[in-house]
Amino acid sequence: MKIYNTLTGRKEEFVPLIPNKVKIYACGVTVYDHCHIGHARSAIVFDVIRRYMRYKGFDVKYVRNFTDIDDKIINRAKQEGITWDAVAKKYTAEYYKDMDRLGVGRADVEPKATEHIEEIIGIIKGLIEKGYAYEVDSSVYFSVAKFPGYGKLSKRDMEEMTAGARVEVDERKKNPLDFALWKKSKEGEPSWESPWGLGRPGWHIECSAMSIKHLGESFDIHGGGADLLFPHHENEIAQSEAFTGRPFARYWVHNGFITIDKEKMSKSLGNFFTIKEVLDKFDPEVVRFFLLSTHYRSPVEFSDEQLREAESSIDRYYSTIVRINDFFEKEDSGKEEFSNAGEIFEGLLLSFQEKFKEAMDDDFNTALALGHIFELIREANRFLDNKPSGSKDRELLLKTKELLRETGIILNIFGRTPYEWYLSLMKIRKIGLSEKDIPEKIRERQAARQRKDWHTADAIRKELEEKGIILEDKKDRTDWKVKVG
RNA sequence: GGCGGCGUACCCAAGUGGCUAAGGGAGAGGUCUGCAAAACCUUUAUGCAGCGGUUCAAAUCCGCUCGCCGCCUCCA
């Protein structure tokens with residue numbers, strides 16, 4: 001398995017520190033507001049990485065943190081007129097609501113910064129003792145100049161950074177690039193006791209404390225959005241390696257941004273959509289599929305049009321499942337041998353799983369993996385067109401369904417029945433018909449068709465179509481589905 | 001200014017040295033159908049921003065040019 005490592009700038013063969021075990025730390029969110037679709041991307045990417053690692057047989061320990069104390073939370077509390085911890089609690093709950101809907105699983109450990117104050121203080125003390133940090137006026141800073149590898153992740157030269165620094169120069173810092181490990185708290189702000197007086201942790205130190213505590217001093221994969229690369233991850237490396245004297249994370253994995261009109265989606269530009277807004281218009285599976293249909297490191301341009309295309313793709317999957325299910329309703333002809341088409345299809349089926357794994361093994365290429373899935377879907381449809389019948393043919397189609405489900409589980413898509421999919425679409429599309437109205441209309445139309453009253457039959461079809469319901473006439477019955485696209 | 005990335009059909013998107021450049025969406029034509037829908041078939045890139053170079057061989061490597069974006073400040 002190959003993973004692109006930001007630290008080395010190339011794809012590398014993945015070798016875990018401990019055979020068969022993978023330890024992953026992904027930077028979570030600061031719980032001060034609703035999550036936008038960019039947060040969803042990061043969460044989904046690492047959810048898939050974790051699922052695939054598990055599928056490969058690794059014993060995975062996945063840690064994803066919550067930053068529950070920070071300036072933004074404090075400001076938000078003032079705005080909303082509630083306490084800072086109430087803000088954290090509220091938006092943690094909202095986060096879970098969003099992630100549950102998107103099919104993002106819980107991490108094995110979900111630590112919070114405020115639950116690791118003791119560990120944080122321990123590391124800061126250690127850094128001061130080792131000469132990597134200094135106290136100024138009850139705050140503690142990390143001395144970047146003392147750490148020789150500073151800049152190795154973001155490929156930055158310290159001198160250049162200092163020269164072009166846009167950072168406000170804090171006179172108390174020895175070097176403008178030094179960053180706060182511990183911040184003295186102002187009157188009325190949340191604070192914790194420390195050897196340097198009342199204060200709270202800086203942003204970067206919590207991730208070092210939590211990852212070291214839950215995964216050890218060295219672990220396999222550390223990830224997050226590409227915007228965390230600098231300074232967050234760079235600082236994490238500096239303080240962690242300075243403290244432990246050992247290499248920190250081995251593989252650094254960063255997901256790309258979501259853009260709108262080619263520009264990065266961000267709070268400050270105001271060009272963002274919250275997960276909730278998007279899920280009002282699209283099924284969660286559509287969002288997930290859409291985000292996985294581009295490689296995780298590439299930017300994704302977000303638009304309703306693209307989501308609609310994703311919806312059509314998923315519908316193609318469910319339509320095929322309906323066809324396969326219809327096939328199983330038919331009687332087994334008892335024929336023992338393959339049909340001609342069966343032999344061809346079997347070959348493709350046998351190679352599918354390998355191709356899927358090959359794609360995922362190559363730096364989690366979900367876009368290519370989805371391509372293989374749709375190739376299988378096309379071949380399955382082609383096979384079905386060739387009127388399969390015998391028990392061997394049945395086995396093939398059963399295997400097809402199994403493989404699609406198995407690969408679907410890894411991406412956490414294609415997990416529902418077609419009926420559930422259509423019901424969900426009905427809700428989202430706000431189609432003003434109940435599941436009972438439709439069969440009623442279908443019965444009416446069937447009666448008309450029987451007396452060859454095509455005019456009435458077509459009128460009913462048209463009436464339903466205008467409401468977004470498509471009727472499909474089959475040999476012995478009429479099925480319905482929701483119009484997509 | 002420094003560092004990094006991107007530019008593949010009408011749209012989205014894989015592919016980073018070698019079979020006919022995946023897959024999805026959209027359009028056109030066809031098969032099937034009472035009519036449809038779905039599905040399938042055919043079709044839409046002798047070409048991968050442009051120019052030059054390396055090579056038996058390049059979308060893929062190198063150089064230059066053009067265009068777009070990101071990071072360098074909180075940010076997934």
- Item | Face-to-face stacking of Phe257(A) with A76(B), centres under 5.5 angstrom, angle under 30° | no
- Contact class for Leu471(A) (heavy atom, under 4.0 Å): base, sugar-phosphate, or nothing? base
- Task: Ignoring hydrogens and angles, answer whether the base of G24(B) and the side-chain atoms of Glu309(A) contain a donor-acceptor pair closer than 3.5 Å.
- Result: yes
- Pick base, sugar-phosphate or nothing for His36(A), based on heavy-atom distances below 4.0 Å to the nucleic acid. base
- Query: On RNA chain B, nearest-nucleotide positions of Arg382(A) versus Phe290(A): which is more 5'?
  - Reply: Phe290(A)
- Keeping the roles fixed (side chain from Glu12(A), backbone from Lys2(A)), state whether a donor-acceptor pair exists under 3.5 Å. no
- Message: Using a heavy-atom cut-off of 4.0 Å across all strands, would you classify Gly371(A) as base, sugar-phosphate, or nothing?
- Response: base
- Item | Residue Arg156(A), side-chain atoms from C-beta onward, closest of C74(B), G2(B), G23(B) | G2(B)
- Taking atom CZ of Phe273(A) as the centre, does the number of heavy atoms from other residues, nucleotides or ligands within less than 6.0 Å exceed 12? no
- Should the pair Glu285(A)-Arg416(A) be classified as a salt bridge under the 4.0 Å nitrogen-to-oxygen rule? yes
- Using a 4.0 Å heavy-atom cut-off across all strands, classify Asp473(A) as base, sugar-phosphate, or nothing. base
- Indicate, with a heavy-atom threshold strictly under 4.0 Å, whether Leu384(A) touches base, sugar-phosphate, or nothing. nothing
- Task: Report yes or no: is there a donor-acceptor pair, N or O only, under 3.5 Å between the side chain of Arg461(A) and the base of A36(B)?
- Result: yes
- Query: On the ring face of Phe257(A), is Lys264(A) found with NZ or CZ under 6.0 Å from the centre and within 45° of the axis?
  - Reply: yes
- Task: Please check the phosphate of C40(B) (OP1 and OP2 only) for any side-chain N or O of Asn381(A) closer than 4.0 Å.
- Result: yes
- Item | Donor-acceptor pair present, Arg316(A) side chain and G24(B) base, under 3.5 Å | no
- Message: Between the base of C40(B) and the side chain of Asn386(A), is there a donor and acceptor pair under 3.5 angstrom?
- Response: no
- For the side chain of Glu375(A), starting at C-beta, report the closest nucleotide among G23(B), G34(B), U73(B). G23(B)
- Item | From C11(B), C74(B), A14(B), nucleotide with atom closest to Ser298(A) side chain | A14(B)
- Task: Pick base, sugar-phosphate or nothing for Lys452(A), based on heavy-atom distances below 4.0 Å to the nucleic acid.
- Result: nothing
- Message: Applying a 4.0 Å non-hydrogen cut-off, can you work out what Glu472(A) is touching in the nucleic acid: base, sugar-phosphate, or nothing?
- Response: base
- Query: Is there a donor and acceptor pair closer than 3.5 Å between the side chain of Arg445(A) and the base of G34(B)?
  - Reply: yes
- Give one of base, sugar-phosphate or nothing for Lys262(A), where a contact means two heavy atoms less than 4.0 Å apart. sugar-phosphate
- Query: Looking at the side chain of Phe374(A), which of G23(B), A13(B), G25(B) is the nearest nucleotide?
  - Reply: G23(B)
- Item | Sidechain N-carboxylate O distance under 4.0 Å for Arg477(A), Asp479(A) | yes
- Do Asp227(A) and G70(B) have a side chain to base donor-acceptor pair shorter than 3.5 Å? no
- Task: Give Arg378(A) one of three labels, base, sugar-phosphate or nothing, depending on what nucleic acid heavy atoms sit under 4.0 Å from its own.
- Result: sugar-phosphate
- Item | Leu368(A), nearest nucleotide to its side chain (from A22(B), C41(B), G23(B)) | A22(B)
